[in-house]
2 protein chains.
Amino acid sequence: MSDPPEKPELSANLSREEAVALRDSFDPEERERVESTVAELLDLLGKAHAMAVLSAFAFAGEPLRFSDLESDIDIAPNTLSARLQDLTGAGLLDRTAYDEIPPRVEYTPTEKAEALFPVFAHLHHWAIEHDLSADGTTDEDGGE
Amino acid sequence: MSDPPEKPELSANLSREEAVALRDSFDPEERERVESTVAELLDLLGKAHAMAVLSAFAFAGEPLRFSDLESDIDIAPNTLSARLQDLTGAGLLDRTAYDEIPPRVEYTPTEKAEALFPVFAHLHHWAIEHDLSADGTTDEDGGE
DNA sequence: GTCCATATACTTGCGACTTCGAAGCTTCGA
DNA sequence: TCGAAGCTTCGAAGTCGCAAGTATATGGAC
């Protein structure tokens, strides 16, 4: 369920020039759509814990429940609820409620969300090599 | 161990399994550091417009000034100011003030920040293939 | 020679929106 | 009656946006 192998690379190691060139190859109209989609996406991901939630899914590799997320992430339940609604509303998560007692609800990332997961892998990878503690002593690897 | 420890590509197209395996290959101690760095990073990037700011640098490819960012991004000056401080504080941006009149200040992404840029390229790329408009009618691309 | 507008990079005040934390709600089995 | 799961509600606190102000020196108007 997690690996659509036929998917084009969607690789995130595009260089800036390539990305810019690609973007510029579109009609102004399409380009504007992309711009505003990026802005929307940045806005959505910018909300509290949105990325943490998606990140949890990226690493879990299976559906997660409200309480799973609640214990994985340090987040207030109302905020989690709001974020989950934002994310399902944006078509990144699917919500499935099972009519059992006690009630069970599973959230599953959509394909759109899975296309985003390499980002979280990259962030994780970044954290392995870097640090955020201001004094940045961890960046001793010779870049390019 | 699939990755030689010296300098793995930092590529963002790592699969989840690879990322998890890599992470799990560390001591518990190092692993915890990574976890908390990721959490911090997610927290920082989650603040309003933090990603938009970094994204601007990622696509600009040159130092940017306060007013550049102010016009590129739809952001209030106090928020931009706060974000710039957060980012420089985290060692992602360097601030250089030129003692001229009118004053000029340039912000330059550090190497740490540049290591993050593929993420923004990926996000942009994602936006080319996907949409965020709730009804998710755009995900008919090569889907299953 | 003096006064004002301009430019840049911010800061301040205040109101609005967002998030937090704890508690409550619902249904049913033990 | 309690607990379990998934929320919702409430008041308090934090964050953000908007408009305006600050500091300095150059250039023009008078």
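These numbers were taken from a predicted model, which means no experiment stands behind them. The chains referred to below are lettered A, B, ... by the order of the sequence lines, with proteins before strands, and numbering in each begins at 1.
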Round to a whole Å and report the spacing from [atom1] of [X] to [atom2] of [N].
X: I75(A); N: dT19(C); atom1: CD1; atom2: P; value: 9 Å
X: L64(B); N: dT8(C); atom1: CG; atom2: C1'; value: 15 Å
X: D68(B); N: dT8(C); atom1: CG; atom2: C1'; value: 11 Å
X: H49(B); N: dC17(C); atom1: NE2; atom2: C1'; value: 13 Å
X: K47(A); N: dC17(C); atom1: NZ; atom2: P; value: 13 Å
X: L84(B); N: dT8(C); atom1: CG; atom2: P; value: 16 Å
X: F66(B); N: dA7(C); atom1: CZ; atom2: P; value: 16 Å
X: R83(B); N: dC10(C); atom1: CZ; atom2: P; value: 14 Å

Margin query: With a 4.0 Å cutoff (strictly under), does any side-chain N or O of S67(B) reach OP1 or OP2 of dA9(C)?
Written below: yes
Check: Would one find a side-chain N or O of Q85(B) under 4.0 angstrom from OP1 or OP2 of dT11(C)?
Finding: yes
Item checked: Within 6.0 angstrom of D74(B) CG, more than 12 heavy atoms from elsewhere -> no
Checklist line | Heavy atoms from other residues, nucleotides or ligands near CD of E29(B) exceed 12 (cutoff 6.0 Å) | finding: no
Next item on the list: For the helix from dG1(C)-dC30(D) to dA30(C)-dT1(D), measure the angle between the helix axis at one end and the axis at the other, each built from five pairs, rounding to 10°.
Entry: 30°
Next item on the list: Report which part of the nucleic acid Y98(B) touches: base, sugar-phosphate, or nothing (heavy-atom distance under 4.0 Å, all strands).
Entry: nothing
Note to self: With rounding to the nearest 0.5 angstrom, report the CD to NE2 distance, E129(B) to H124(B).
What the structure shows: 12.5 Å
Item checked: OH-CG distance between Y107(B) and D94(B), expressed to the nearest 0.5 angstrom -> 11.0 Å
Notebook entry, point to check: With no hydrogens and no angle check, is any side-chain donor or acceptor of W126(A) less than 3.5 Å from a backbone partner on L41(B)?
Noted result: no
Any Lys/Arg nitrogen of [X] or [Y] sitting under 4.0 Å from an Asp/Glu carboxylate oxygen of the other?
X: R33(A); Y: D131(B); result: yes
X: D68(A); Y: R65(A); result: no
X: E106(A); Y: R104(A); result: yes

Next item on the list: Could you work out which one of dT11(C), dT8(C), dA9(C) sits closest to the side chain of N78(B)?
Entry: dT11(C)
Note to self: Tell me the closest heavy-atom pair linking L69(B) and I75(B), and the distance in Å.
What the structure shows: O-CG2, 4.4 Å
Next item on the list: Return the 5'-most residue of the pair R65(B), T79(A) with respect to DNA chain C, ranking by each residue's nearest nucleotide.
Entry: R65(B)
Note to self: By nearest heavy atom, map V105(B) and P103(A) onto DNA chain C; which one lands nearer the 5' end?
What the structure shows: V105(B)
Next item on the list: Provide the start and end nucleotides, 5' to 3', of the part of DNA chain D that has atoms under 4.0 Å from heavy atoms of chain A.
Entry: dA4(D) to dC10(D)
